[in-house]
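First the structure, which I've put down as structure tokens, then a few questions once you've had a look.
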2 protein chains.
Amino acid sequence: MSDVSRIAALLGDPARANILTALMDGRALTAKELAFAAHVSPQTTSGHLAKLTDAQLLSVERQGRHRYYRLFSPLVGQMLESVMALAASASPAPRTWRGPEGLRTARTCYDHLAGRLGVALADSLTEAGHIVLSPDGGETTASGDAFLAEFGAHPADGRRVLCRPCLDWSERRPHLAGRVGAALCHRCLDLGWLQRQRDTRAVAITPAGKRGFAEVFGISCNW
Amino acid sequence: MSDVSRIAALLGDPARANILTALMDGRALTAKELAFAAHVSPQTTSGHLAKLTDAQLLSVERQGRHRYYRLFSPLVGQMLESVMALAASASPAPRTWRGPEGLRTARTCYDHLAGRLGVALADSLTEAGHIVLSPDGGETTASGDAFLAEFGAHPADGRRVLCRPCLDWSERRPHLAGRVGAALCHRCLDLGWLQRQRDTRAVAITPAGKRGFAEVFGISCNW
DNA sequence: CTGATCCTTCGGCCGGCGCCGAGGCGTCCA
DNA sequence: TGGACGCCTCGGCGCCGGCCGAAGGATCAG
């Protein structure tokens with residue numbers, strides 16, 4: 001009958017939900033690794049993977065005797081995020097985060113930074129009076145413009161919004177989006193403070209980054 | 001174990017998915033009406049409603065011998081939309097839309113117009129050369145600025161993006177968002193062309209609106 | 001008070017699905 | 001070429017959960 005229930009029923013089994021959650025950061029994992037993540041036997045996992053692949057929630061790639069599974073499209077990840085956002089807000093007692101730890105530390109959200117690092121940056125800039133964020137928008141101050149220029153983060157031209165808060169679903173607090181958020185992210189990658197992970201939305205903080213974030217933003221990344 | 005599966009399992013039953021879909025437009029319906037929508041008996045429906053309410057996906061309001069159920073928060077609607085978006089893209093043959101018909105005709109999407117009307121407006125403006133939309137942004141032309149001024153739709157000031165496409169999940173084609181989209185929506189309401197429905201994101205097209213949309217935009221709203 | 005309507009709870013039936021053991025196929029390596 | 005490994009399919013078990021009939025509180029009209 002309903003398309004919704006067909007998809008949702010697939011997520012409704014804990015083993016399958018674990019599988020999808022484990023893949024949320026965009027990596028490709030083998031069936032065995034997923035069996036471990038899902039806490040069920042390989043045979044059972046195989047059945048689940050077949051269902052998820054049939055429904056086009058996952059895609060497979062054979063490589064030798066391994067099969068690598070990954071999320072079929074970004075839409076799948078978005079849907080998972082929206083379910084998680086609801087689960088987080090609806091659960092009586094906020095639960096601890098169970099997804100990949102790397103995603104929680106620092107990740108990209110479209111073209112800007114999210115996770116603990118993204119939230120910490122937004123906090124730092126706000127406390128320093130460089131930006132002002134409100135629920136429906138945000139702006140940079142004069143000191144903020146100067147600070148960004150000195151840091152080398154030059155927002156691109158364009159009509160896109162300059163600066164706005166974006167609710168971080170793992171931290172439940174806003175991080176920084178818009179042209180400023182994109183420029184910051186770009187600059188940190190250029191400086192070698194951050195490094196993209198292959199096939200992943202997670203980003204790694206390099207030793208140089210650890211020093212830099214502490215000096216420039218007062219953020220000690222001991223997460 | 002997983003929060004995701006707890007929520008998803010609730011959507012995974014066809015009867016419950018029907019219930020939630022029927023409520024997607026923000027209306028409040030009685031248990032009996034929902035039983036009809038879900039195609040199951042009132043007793044069964046009662047059980048489903050209890051579960052959905054416990055999980056804070058629905059809220060209840062008693063009124064005499066009736067109980068009115070509605071979506072607990074906009075987050076629930078968003079989640080449903082994201083699941084539907086995926087279902088639409090993943091299903092082998094695109095399915096026909098099964099949600100409330102009113103929502104498909106014309107509804108608000110945040111502060112702008114969506115649904116058939118929203119898409120038709122975007123098409124009309126594009127064909128007339130008043131706006132240009134591309135996947136990653138959009139802008140108004142000189143003729144468009146003049147047209148909007150004459151129509152009385154004055155975009156608000158601010159840093160928010162002026163004009164951008166927003167994918168319409170019921171039509172699967174873009175409608176118009178940004179300050180221009182908001183101004184258009186506001187003006188149509190002011191003119192009495194559209195009327196908000198109580199407690200609903202659906203909007204009704206008035207007789208005056210039907211004439212107006214035909215004259216000004218060349219849209220005959222015979223949907 | 002009486003009957004009608006709305007909704008719920010209880011109890012029992014039954015189908016569907018998740019689970020694993022056993023077995024088979026393909027791949028890689030020595 | 002034999003063995004180890006990764007993965008899948010098949011078959012049967014067991015349970016969870018959806019379903020409805022029956023019965024009971026709540027509310028409203030007359």
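When reading the values below, keep in mind they use all heavy atoms of this one structure, side chains included, and skip hydrogens, waters and symmetry mates. In what follows, chains are A, B, ... by sequence order, proteins preceding strands, each numbered from 1.
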All heavy atoms of B:R196 vs all of B:V203, minimum pair found to be CA-CG1, 4.2 Å
Please step through salt bridge (Lys or Arg N to Asp or Glu O under 4.0 Å) for the pair A:D54 and A:K51, ending with a clear verdict. CA-CA 5 Å; A:D54 276 354; A:K51 285 180 188 173; over 6 Å; no
Closest non-hydrogen contact found for A:T30 with A:Y68 is CG2-CE2, 3.6 Å
By nearest heavy atom, map B:S41 and A:K32 onto DNA chain D; which one lands nearer the 5' end? A:K32
Residue closer to the 5' end of DNA chain D, A:H66 versus B:K51 (nearest nucleotide): A:H66
From CG of A:N18 over to P of C:dC19, roughly how many Å is that when rounded to an integer? 10 Å
Indicate, with a heavy-atom threshold strictly under 4.0 Å, whether A:Y69 touches base, sugar-phosphate, or nothing. sugar-phosphate
Side-chain N or O of B:S46 closer than 4.0 Å to phosphate OP1/OP2 of C:dC7: no
Looking at every heavy atom in both B:H175 and B:V119, which two are closest together, and how far apart are they? CB-N, 3.9 Å
Contact span of DNA chain D against chain B, any nucleotide atom under 4.0 Å from a heavy atom, 5' to 3', runs D:dG18 to D:dC28
How close or far is atom C1' of C:dG11 from atom CD of B:Q43, stated in whole angstroms? 13 Å
Output the rounded distance in Å from CZ (A:R67) to P (C:dC28). 13 Å
I'd like to check B:S5 versus A:L11 (side-chain heavy atoms, cut-off strictly below 4.5 Å). Are they in contact? no
Are B:I205 and B:W193 close enough that some pair of their side-chain heavy atoms sits under 4.5 Å apart? no
Please report, rounded to the nearest Å, how far the C1' atom of C:dC6 is from the CG atom of B:L34. 13 Å
5'-most contact on DNA chain C: A:R65 or A:T44, nearest heavy atom basis? A:T44
On DNA chain C, nearest-nucleotide positions of A:R62 versus A:V40: which is more 5'? A:V40
Tell me what A:T45 touches on the nucleic acid: a base, only sugar-phosphate, or nothing, going by heavy atoms under 4.0 Å. nothing
Within a reach of under 6.0 Å around CZ of B:F36, are more than 12 heavy atoms found that belong to other residues, nucleotides or ligands? no
